[in-house]
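Only one structure is covered here, and it is reproduced in the block below.
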Amino acid sequence: QEDQFKKVLSHAKEYGYVFQSSEIYDGLSAVYDYAQNGVELKKNIRNYWWKAMVQMHENIVGIDASILMHPTTWKASGHVDAFNDPLIDNKDSKKRYRADVLVEDYCAKIEAKIDKEVAKAAKRFGDAFNKEEFISTNGRVLGYQEKIDTILSRLAKSLENEDLADVKALIEELEIADPLTGSKNWTEVKQFNLMFGTQLGASADSAMQVYLRPETAQGIFVNFLNVQKTGRMKIPFGIAQTGKAFRNEIVARQFIFRMREFEQMEMQFFVKPGTQKEWYEKWKETRLKWHLSLGMGADNYRFHDHEKLAHYADAAADIEFKFPFGFKELEGIHSRTDFDLKAHEEFSGKKLQYFDPEENKNYVPYVVETSIGLDRMFLAVFSNSLQEEELENGTTRTVLKLPAVLAPTKAAILPLVKKDGLPEIARKIVDDLKWDFNVSYDDKDAVGRRYRRQDAAGTPFCITVDHDTLEDNTVTIRHRDTMEQKRVKIEELSNIINQEVNV
Ligand code: ATP
């Protein structure tokens, strides 16, 4: 697993997908830049989401709200008072950690022991092995499970009651050590607000403390009535948005899974009070279908229903994805009740109500939201696509099997040799196709090496121009995933590519 993650990191850099931010100054922790291919993949994911959410839904419209908002927004939303992580420092190493993550990592180690028991038993019993039955009856596994449950429920309770002393006590009782140095010399646990603050205005006394938004959702809530009125929207309806969000996360080495500056793709769906459960279920299903439509394997997704709910929610679930470091949250679906709109009514003194012509009355709508991190989705797609294949001739190839619809470059056009008029024909194909697709031209090295280069960069098609082309206007089109090659007419290229990349 660790190995696969390392490969993902180095491949992302080597093939121009993701660079460390300000790398020449040794980077900035948990901040990254998207490179020439990364920016295309990211844009394609964003478009794929936007198309499914906005273009395909008559009752969903988009907005693009600002990153800076009036600071009272964050009082109303609860972020000023409650958007905290419990932090603990190690006195010897001076390293800072999230106290809850230390405890969760400890539990993950116990979980790994369960996996080991399961694997052992599976080997012993062969075909007769029933995993569910084993997990629910084996004494050792049950013991591990009980230990995990006890620890996690105590952690949840202490955090809920703001009993930070007990969080520290738990870390000490479990004898959790600094993962880097092994030291067990901990400070007190302290709450730390995740919002980045900055100053608005130039002069010291008139400057106003503002925040970089920690989520895009609030930009939608404060615009709810403007959009509803000007768009003549009828409930149920949704407002969608993609954009940057900022959180001063305490993290180490999670690449673009957890960043300090990241992008969210969110949709807030406004519904009649009392119907939220129904819509919550509907959006859970719709969003999972969206993920599955990319063909990255149904086994790689699972729902995680939350038992412990945030202060604003009456139901919440994550869609988890199997990242190289295990199943982790990729998207959240939350039934947020009328918490946000009511809070904004209270803090702004303005009504944020909808007149329902069918009911003939005003009410504050309930909200069901779908919220996915674009960068996290990027990591899901990228890490899942990166594969190493043994070929029949005994060699291996590295191939980035990105879903064609998301691939940065759809086709590479390759003249077999740099003479006899082949480059000119290849250039002409590029000029024809570039109106509809991102395509590239490559004439360096032997054609086999060029194929491998395009495989590793994730290009779904290679189109080779050779001497037969001069005779009959046909070219070879090679599929990245199957490596199958076919002879086709130049005029057919556009249709063939279109079939795979426009879904
Ligand atoms: P986590 O539990 O992983 O911190 P969260 O529950 O705080 O996430 P939400 O506030 O629900 O996340 O945000 C919605 C989505 O935004 C998440 O599902 C995730 O995909 C993405 N996201 C949140 N924080 C980050 C981050 N620091 N870096 C990248 N993506 C993020």
With Arg376, which residues qualify under salt bridge (Lys or Arg N to Asp or Glu O under 4.0 Å), at least two apart?
none
Using only atom types and a distance under 3.5 Å, with no angle test, would you say the side chain of Ser153 pairs donor to acceptor with the backbone of Asp149?
yes
Lys/Arg N to Asp/Glu carboxylate O, Glu358 vs Lys234, below 4.0 Å:
no
Can you sort out the partners of Phe196 under ring pair (Phe, Tyr, Trp, His ring centres under 6.0 Å), two or more places apart, ordered by chain and number?
none
Of the non-hydrogen atoms in Pro236 and Trp279, which two are nearest, and what is the gap between them?
CG-CZ2, 3.5 Å
List for me each residue that meets ring pair (Phe, Tyr, Trp, His ring centres under 6.0 Å) alongside Phe270, sequence neighbours excluded, and say none if there are none.
Phe224, Phe237
Side chain to side chain donor-acceptor pair (under 3.5 Å) involving Tyr97 - partner list, sequence neighbours excluded
Asp178
Determine whether His344 and Gln218 satisfy the following criterion, side chain to side chain donor-acceptor pair (under 3.5 Å), listing intermediate values before the conclusion.
CA-CA 10 Å; His344 287 305; Gln218 298 304 324; 2.7 Å; yes
Distance, nearest 0.5 Å, that separates CG of Leu292 from CZ of Arg287:
11.0 Å
Indicate whether any N or O donor in one side chain lies under 3.5 Å from an N or O acceptor in the other, for Arg213 and Thr73.
no
Do Cys107 and Lys147 have side chains that approach each other closer than 4.5 Å (heavy atoms only, starting at C-beta)?
no
Hey, does the side chain of Gln264 reach the backbone of Thr216 with a donor-acceptor pair shorter than 3.5 angstrom?
yes
Pairing residues for Lys75 by the salt bridge (Lys or Arg N to Asp or Glu O under 4.0 Å) criterion, not counting sequence neighbours:
Asp81
Got more than 12 heavy atoms from elsewhere within 6.0 Å of CD, Gln209?
yes
So, using side chain to side chain donor-acceptor pair (under 3.5 Å) as the criterion, who are the partners of Asp163 when residues are at least two apart?
none
Assess the residue pair Lys42 and Glu263 against the criterion (salt bridge (Lys or Arg N to Asp or Glu O under 4.0 Å)); give the C-alpha distance rounded to whole Å, side-chain angles, the decisive distance to 0.1 Å, and a yes or no.
CA-CA 10 Å; Lys42 194 175 169 199; Glu263 192 165 335; 3.3 Å; yes
Going by atom types only, do Tyr280 and Asp314 share a side-chain donor-acceptor pair under 3.5 Å?
no
Determine yes or no for a side-chain-to-main-chain donor-acceptor pair under 3.5 angstrom, with Thr459 supplying the side chain and Phe461 the backbone.
no
Test salt bridge (Lys or Arg N to Asp or Glu O under 4.0 Å) on Glu278 and Lys282 and set out the steps.
CA-CA 6 Å; Glu278 212 175 295; Lys282 169 108 197 322; over 6 Å; no
Spacing of Leu159 atom CG and Leu164 atom CG [to the nearest 0.5 Å]:
7.5 Å
Under the 3.5 angstrom rule, does the side chain of Asn223 hit a backbone N or O of Gly219 as a donor-acceptor pair?
yes
Under a 3.5 Å distance rule, please check whether Tyr17 uses its side chain to pair with a backbone N or O of Val39 as donor and acceptor.
no
Between Thr409 and Asn438, is there a side-chain donor-acceptor contact under 3.5 Å, judged purely by atom types and distance?
no
Is any side-chain heavy atom of Gln55 closer than 4.5 Å to a side-chain heavy atom of Asn47?
no
Keeping Asn37 on the side-chain end and Tyr15 on the backbone end, is there a donor-acceptor pair under 3.5 Å?
yes
Could you work out, with salt bridge (Lys or Arg N to Asp or Glu O under 4.0 Å) as the rule, every residue matching Lys342, not counting sequence neighbours?
Asp338
What is the distance from atom CD1 of Ile413 to atom CD of Gln454, rounded to the nearest 0.5 Å?
9.5 Å
Are the side chains of Arg302 and Lys322 in contact, using a 4.5 Å heavy-atom criterion?
no
Donor-acceptor pairs under 3.5 Å, side chain of residues 364-374 to any protein atom, not counting sequence neighbours: which ones?
{"from": "Glu369", "atom 1": "OE1", "to": "Gln268", "atom 2": "NE2", "distance (Å)": "2.6"}
{"from": "Glu369", "atom 1": "OE1", "to": "Arg336", "atom 2": "NH1", "distance (Å)": "3.0"}
{"from": "Glu369", "atom 1": "OE2", "to": "His334", "atom 2": "ND1", "distance (Å)": "2.6"}
{"from": "Glu369", "atom 1": "OE2", "to": "Arg336", "atom 2": "NH1", "distance (Å)": "3.0"}
{"from": "Ser371", "atom 1": "OG", "to": "Glu266", "atom 2": "OE2", "distance (Å)": "2.7"}

Looking at Phe255 versus Phe257, is the centre-to-centre ring distance below 6.0 Å?
no
Counting the benzene-type ring for Trp, do Phe246 and Phe262 have ring centres under 6.0 Å apart?
no
Going by the rule side chain to side chain donor-acceptor pair (under 3.5 Å), which residues pair with Ser158 if we only count those two or more places apart in sequence or in a different chain?
Asp166
Report yes if the side chains of Asn130 and Phe134 come closer than 4.5 Å at any heavy-atom pair, otherwise no.
no
Assess the residue pair Glu160 and Lys157 against the criterion (salt bridge (Lys or Arg N to Asp or Glu O under 4.0 Å)); give the C-alpha distance rounded to whole Å, side-chain angles, the decisive distance to 0.1 Å, and a yes or no.
CA-CA 5 Å; Glu160 206 168 295; Lys157 211 152 144 205; over 6 Å; no
Quick check: does any side chain N or O of Glu359 sit under 3.5 Å from a backbone N or O of Asp356, one acting as donor and the other as acceptor?
no
CD1 of Ile250 to CD1 of Ile88, rounded to nearest 0.5 Å, is 13.0 Å
Looking at Phe355 versus Tyr363, is the centre-to-centre ring distance below 6.0 Å?
no
Under the salt bridge (Lys or Arg N to Asp or Glu O under 4.0 Å) test, residues paired with Glu281 that sit two or more places apart
none
Can you tell if the side chain of Phe303 reaches within under 4.5 Å of the side chain of Asp318, non-hydrogen atoms only?
no
Asp432 meets the side chain to side chain donor-acceptor pair (under 3.5 Å) criterion, sequence neighbours left out, with Lys428
Would you please test Glu320 and Lys328 for salt bridge (Lys or Arg N to Asp or Glu O under 4.0 Å) and show each step?
CA-CA 5 Å; Glu320 294 186 340; Lys328 289 268 180 304; over 6 Å; no
Could you walk me through whether Ser77 and Tyr312 pass the side chain to side chain donor-acceptor pair (under 3.5 Å) check?
CA-CA 9 Å; Ser77 68; Tyr312 53 74; over 6 Å; no
Working to the nearest 0.5 angstrom, can you tell me the gap between Asn502 CG and Lys410 NZ?
8.0 Å
Do Arg260 side-chain atoms and Arg247 backbone N/O form a donor-acceptor pair below 3.5 Å?
no
Are Phe323 and Phe321, when compared by the centres of their aromatic rings, separated by less than 6.0 Å?
yes
State which residues pass ring pair (Phe, Tyr, Trp, His ring centres under 6.0 Å) with His57; sequence neighbours excluded, sorted by chain then number.
Trp283
So CG of Asp481 and CD of Glu500: to nearest 0.5 Å the spacing works out to 8.0 Å
Backbone N/O of Leu68 and side chain of Ser66: donor-acceptor pair under 3.5 Å
no
Any non-hydrogen side-chain atom of Leu379 less than 4.5 Å from a side-chain atom of Val8?
yes
Just one of Lys190, Arg98, Arg96, Lys168 clears the salt bridge (charged side-chain N to carboxylate O under 4.0 Å, His left out) bar with Asp89, so which one?
Arg96
